[in-house]
Visitor: 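Provided herewith is a single structure, encoded as structure tokens, for subsequent inquiry.
Computed over heavy atoms, backbone and side chain alike; hydrogens, waters and symmetry mates excluded.
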Amino acid sequence: IWGIGERGQIYKLDFSKRKWIKIRGKAKYISCGFDGTVMAIYSDADALKYQLPIGSLIRLEKGQWLNFPGQLEKITVASKDDIWGIKKSGSVWHFDGESWVKMPGEMAYISVAQDKTVVAVGINGGAYIWSGKEWINVPGINLTAIKVLKNGSYMGLTSDGSVWKS
């Protein structure tokens with residue numbers, strides 16, 4: 001489990017010691033894939049410090065943060081060859097192991113599972129599932145965040161803080 005502190009500090013949970021370990025660097029968003037791939041979005045201050053565009057990506061490789069092509073606002077990782085993200089405009093992008101491909105739709109939040117199930121929250125707050133060709137709306141709920149679980153179900157967070165599970 002990885003997390004971001006209130007000042008952009010990066011943390012990894014050490015299960016055996018039951019404590020958070022601070023990792024070098026700062027980010028505003030982080031995601032860990034099921035194959036151990038860790039991707040993050042530079043904090044705005046670090047992007048400017050390194051003269052990179054806001055939203056620049058980094059990947060952890062052998063304990064070092066390395067620049068990765070692209071700029072995103074949100075990122076979700078299934079594996080090194082299956083990365084999804086959202087730009088500030090809401091446009092959805094997918095990295096297939098070779099290049100970033102623009103996908104249809106405008107989303108506010110996105111999550112991918114190991115089995116390649118992708119769920120998202122639209123800019124309208126609606127919940128969506130990726131069919132492989134298009135986004136299918138899941139009616140009856142408005143969300144601010146969503147997370148796909150490994151068994152194909154998903155959990156969402158509503159604007160009033162309620163948790164919803166499929």
Side-chain angles (χ1 to χ4, degrees), residues 1-15 17 19-114 116-125 127-128 130 135 143-150 154-157 159 161:
I1 297 175
W2 291 77
I4 304 289
E6 61 186 44
R7 291 191 183 95
Q9 312 94 319
I10 301 170
Y11 293 94
K12 181 180 181 183
L13 182 61
D14 182 328
F15 287 104
K17 295 180 182 174
K19 71 178 207 174
W20 291 97
I21 307 299
K22 188 174 178 183
I23 306 295
R24 188 178 63 82
K26 289 191 175 184
K28 63 180 178 181
Y29 209 92
I30 196 163
S31 180
C32 180
F34 297 90
D35 65 352
T37 299
V38 179
M39 299 280 303
I41 300 172
Y42 269 119
S43 68
D44 291 354
D46 276 2
L48 295 173
K49 175 179 161 183
Y50 299 119
Q51 300 179 346
L52 297 167
I54 299 296
S56 289
L57 305 176
I58 48 179
R59 179 164 60 188
L60 188 62
E61 292 184 24
K62 298 178 184 174
Q64 297 288 325
W65 289 109
L66 302 177
N67 291 335
F68 192 85
Q71 293 87 38
L72 297 169
E73 187 70 19
K74 302 226 172 35
I75 193 167
T76 182
V77 179
S79 70
K80 67 181 179 67
D81 297 328
D82 192 12
I83 303 166
W84 289 74
I86 299 173
K87 290 191 177 265
K88 195 170 191 164
S89 66
S91 63
V92 179
W93 292 80
H94 177 241
F95 182 77
D96 60 9
E98 294 185 19
S99 63
W100 288 102
V101 177
K102 187 176 188 295
M103 307 304 279
E106 290 183 340
M107 301 295 168
Y109 200 93
I110 195 163
S111 177
V112 62
Q114 184 175 11
K116 300 186 183 287
T117 299
V118 183
V119 296
V121 175
I123 57 174
N124 62 358
Y128 293 87
W130 179 247
W135 294 103
L143 301 172
T144 59
I146 195 166
K147 177 70 176 160
V148 66
L149 307 173
K150 65 181 176 182
Y154 39 94
M155 296 180 74
L157 184 66
S159 60

Visitor: Quick one: pull up OH in Tyr42 and CG in Asn67 and give me the separation to the nearest 0.5 Å.
Guide: 4.0 Å
Visitor: For Ala47, is there any backbone N or O sitting under 3.5 Å from a side-chain donor or acceptor partner on Asp44?
Guide: no
Visitor: Given Val118 and Ile110, is the side-chain contact (heavy atoms from CB on, under 4.5 Å) satisfied, shown in steps?
Guide: CA-CA 7 Å; Val118 183; Ile110 195 163; 3.8 Å; yes
Visitor: Within the side chain of Asp46, is there an N or O that forms a donor-acceptor pair under 3.5 Å with the backbone of Gly25?
Guide: no
Visitor: Quick one: CG on Leu149 to OH on Tyr154, what's the gap to the nearest 0.5 Å?
Guide: 10.5 Å
Visitor: For residues Leu66 and Glu61, report the shortest heavy-atom separation together with the two atoms involved.
Guide: CD1-OE1, 3.6 Å
Visitor: Considering all heavy atoms of both residues, which atom of Trp2 and which atom of Ile30 are nearest to each other, and what is their separation?
Guide: CE3-CD1, 3.7 Å
Visitor: Check Trp135 against Val119 and note the closest heavy-atom contact, atom names and distance.
Guide: CZ3-C, 4.4 Å
Visitor: Can you tell me which residue among Phe95, Trp84, Trp93 is in a ring pair (Phe, Tyr, Trp, His ring centres under 6.0 Å) with Trp100?
Guide: Phe95
Visitor: Please find the pair of heavy atoms, one from Ala113 and one from Ala78, that lie closest to each other, and give the distance.
Guide: O-CB, 3.5 Å
Visitor: Are more than 12 heavy atoms from other residues, nucleotides or ligands located less than 6.0 Å from atom NZ of Lys17?
Guide: no
Visitor: So, Trp130 side chain and Val112 main chain: donor-acceptor pair closer than 3.5 Å or not?
Guide: no
Visitor: More than 12 non-hydrogen atoms from neighbouring residues, nucleotides or ligands closer than 6.0 Å to NZ on Lys28, yes or no?
Guide: yes
Visitor: Which distance, rounded to the nearest 0.5 Å, do you find between the CD of Glu73 and the OG of Ser91?
Guide: 11.0 Å
Visitor: How long is the span from the CG atom in Leu143 to the CG atom in Asn124, to the nearest 0.5 Å?
Guide: 10.0 Å
Visitor: Could you check if a side-chain atom of His94 sits within less than 4.5 angstrom of a side-chain atom of Asp82, using non-hydrogen atoms only?
Guide: yes
Visitor: Side-chain donor-acceptor pair under 3.5 Å between Ser79 and Asp81, yes or no?
Guide: no
Visitor: Within this structure, what is the CE-CZ distance for the pair Met39 and Phe68, rounded to the nearest 0.5 Å?
Guide: 4.5 Å
Visitor: Heavy-atom distance under 4.5 Å between the side chains of Ile10 and Ile4, does that happen here?
Guide: yes
Visitor: Of the non-hydrogen atoms in Cys32 and Val38, which two are nearest, and what is the gap between them?
Guide: SG-CG2, 3.9 Å
Visitor: Could you give me the CA-CA distance, side-chain angles and deciding distance for Glu106 and Ile86, then say whether side-chain contact (heavy atoms from CB on, under 4.5 Å) is met?
Guide: CA-CA 8 Å; Glu106 290 183 340; Ile86 299 173; over 6 Å; no
Visitor: Kindly compute the distance separating OG1 (Thr76) from NZ (Lys147), expressed to the nearest 0.5 Å.
Guide: 5.0 Å
Visitor: For Lys87, is the NZ atom crowded, meaning more than 12 foreign heavy atoms sit under 6.0 Å from it?
Guide: yes
Visitor: Are Ile23 and Trp65 close enough that some pair of their side-chain heavy atoms sits under 4.5 Å apart?
Guide: yes
Visitor: Closest approach of Gly85 and Leu72, non-hydrogen atoms and distance?
Guide: CA-CD1, 3.7 Å
